[in-house]
Amino acid sequence: MEILDIKTSNREELIDITPLLMDFVKSTSVSNGILFIYSPHTTCGITINENADPSVKSDIIQKLKDIIPYNDRYTHMEGNSDAHIKTSLIGNEIFVCIENSDIVLGTWQGIFLAEFDGPRTRKVWLNLKYT
Amino acid sequence: MEILDIKTSNREELIDITPLLMDFVKSTSVSNGILFIYSPHTTCGITINENADPSVKSDIIQKLKDIIPYNDRYTHMEGNSDAHIKTSLIGNEIFVCIENSDIVLGTWQGIFLAEFDGPRTRKVWLNLKYT
Amino acid sequence: MEILDIKTSNREELIDITPLLMDFVKSTSVSNGILFIYSPHTTCGITINENADPSVKSDIIQKLKDIIPYNDRYTHMEGNSDAHIKTSLIGNEIFVCIENSDIVLGTWQGIFLAEFDGPRTRKVWLNLKYT
């Protein structure tokens, strides 16, 4: 298992980690397989979405804030229930396919760490399996 | 990697792709393994739900429209921010298990392409791994 | 494929199945790999979140009820459309990494069956793949 460290700068943000994942894949000898990407956190997920127009990222963050506000009738006393709920909805893990030592993504796709309770230093766990 | 082409007919709909996936699995020599199903799009996901009563599909689509309306305070100018947000919530990838050259699903489960910005021709990427 | 039976006690609840999954992994001879965890149901998902403070579980359940109420303009006549919608949002499958015959989780993470239409006896399907 490979571990990435990602520094986040805001309470909520999507951070494009695609270049870091590409570097990792190229550093291995695996040319074809599946890359498993996993957030070991409960207030920070992983998602795939458009990496061309940054307004897509801010619209995702804003709509999640509308649906799951920071302040509500929460019982968890740490003040980050919204972040836990968002993480279960977005998910904390994804897989992508590897071909010719490259991550195969759709034209507009990037892979994002979804920070919901930052700023913090987050881990991302990577597992690459041969085909 | 195998690629399916799926034509969608509406802006938002769930399309049962289970039969196409079954055909693909039977066309291979893999009898036991895991099938990875991936949407390379950012406004179109993959989900598993009931394929018996079609009203389940329409209730999912309608509730997502209620929560994430087409018109809102979005900043992305292409008019499909709702579709991007829904895709990150539903997810763009799933895995299912293969046994005896068949996809093993629960009694009521089907595998759906979740179109949120159609009609378009969509791709679904398939990767089948041996056990 | 290994099958777990999980009895749920309420219409909606998160049940920590981590100990059962740990037992399963230890009962196999696989020391390193990936465990695929799959709910074959359409009104019951799988999610990873905090297993320390039980109020996180209740906040997740309550917020999902707020967003997707039991009674609404649903067309599905079985009275559980909310459960179907929640299952597609939370997802019905996850993977976790196995190292040294143990499930590798983040400090606060547990793996939960997300019951949305109980009480019932639910199945969880497990597939463990060697690295």
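Order of the sequence lines sets the chain letters (A, B, ...), proteins ahead of strands, with each chain counted from 1. Worth knowing before you read on, the calculation uses all heavy atoms, side chains too, and leaves out hydrogens, waters and symmetry mates.
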*Output yes when a side-chain donor or acceptor of E50(C) lies under 3.5 Å from a complementary backbone atom of T43(A), and no otherwise.*
no

Chain A contacts, top residue of [options] (heavy-atom pairs, under 4.5 Å):
{"options": "I94(C), L64(C), I90(C), T107(C)", "result": "I94(C)"}
{"options": "T47(C), V104(C), D53(C), N49(C)", "result": "N49(C)"}
{"options": "S58(C), G106(C), S55(C), G110(C)", "result": "S55(C)"}

*Any I67(C) side-chain heavy atom under 4.5 Å of I68(A) side chain*: yes

*Is any side-chain heavy atom of L105(C) less than 4.5 Å from a side-chain heavy atom of Y38(A)?*
yes

*Sort out for me which of M77(A), K123(A), M1(A) touches chain C most, counting heavy-atom pairs under 4.5 Å.*
M1(A)

*Option in K129(A), E93(A), H84(A) with maximal non-hydrogen atom pairs under 4.5 Å from chain C*: E93(A)

*Considering only heavy atoms, which portion of H41(A) lies under 4.5 Å from any heavy atom of chain C: side chain, backbone, both, or neither?*
backbone

*Considering only heavy atoms, which portion of N80(A) lies under 4.5 Å from any heavy atom of chain C: side chain, backbone, both, or neither?*
neither

*Aromatic ring pairing F36(A)/F95(C), orientation class (parallel under 30°, perpendicular over 60°, tilted between)*: perpendicular

*Please flag which part of N32(C) lies under 4.5 Å from any non-hydrogen atom of chain A: side chain, backbone, both or neither.*
neither

*When rounded to the nearest 0.5 angstrom, what distance separates CG in D59(C) from OG in S88(A)?*
11.5 Å

*From K57(C) NZ over to H76(A) NE2, what is the distance, rounded to the nearest 0.5 angstrom?*
13.0 Å

*Is it true that atom NZ of K7(C) has more than 12 heavy atoms of other residues, nucleotides or ligands lying nearer than 6.0 Å?*
no

*Hey, is CH2 on W108(A) packed in by over 12 heavy atoms from elsewhere, all under 6.0 Å?*
no

*Could you please spell out the steps behind the side-chain contact (heavy atoms from CB on, under 4.5 Å) verdict for Q62(C) and T75(A)?*
CA-CA 10 Å; Q62(C) 181 58 49; T75(A) 59; over 6 Å; no

_Using every non-hydrogen atom in the two residues, find where K63(C) and P69(A) come nearest and quote the distance to one decimal._
NZ-CD, 3.9 Å

*asked:* With side-chain contact (heavy atoms from CB on, under 4.5 Å) as the test, pick out the partner of I60(C) among I85(A), T87(A), L89(A).
replied: I85(A)

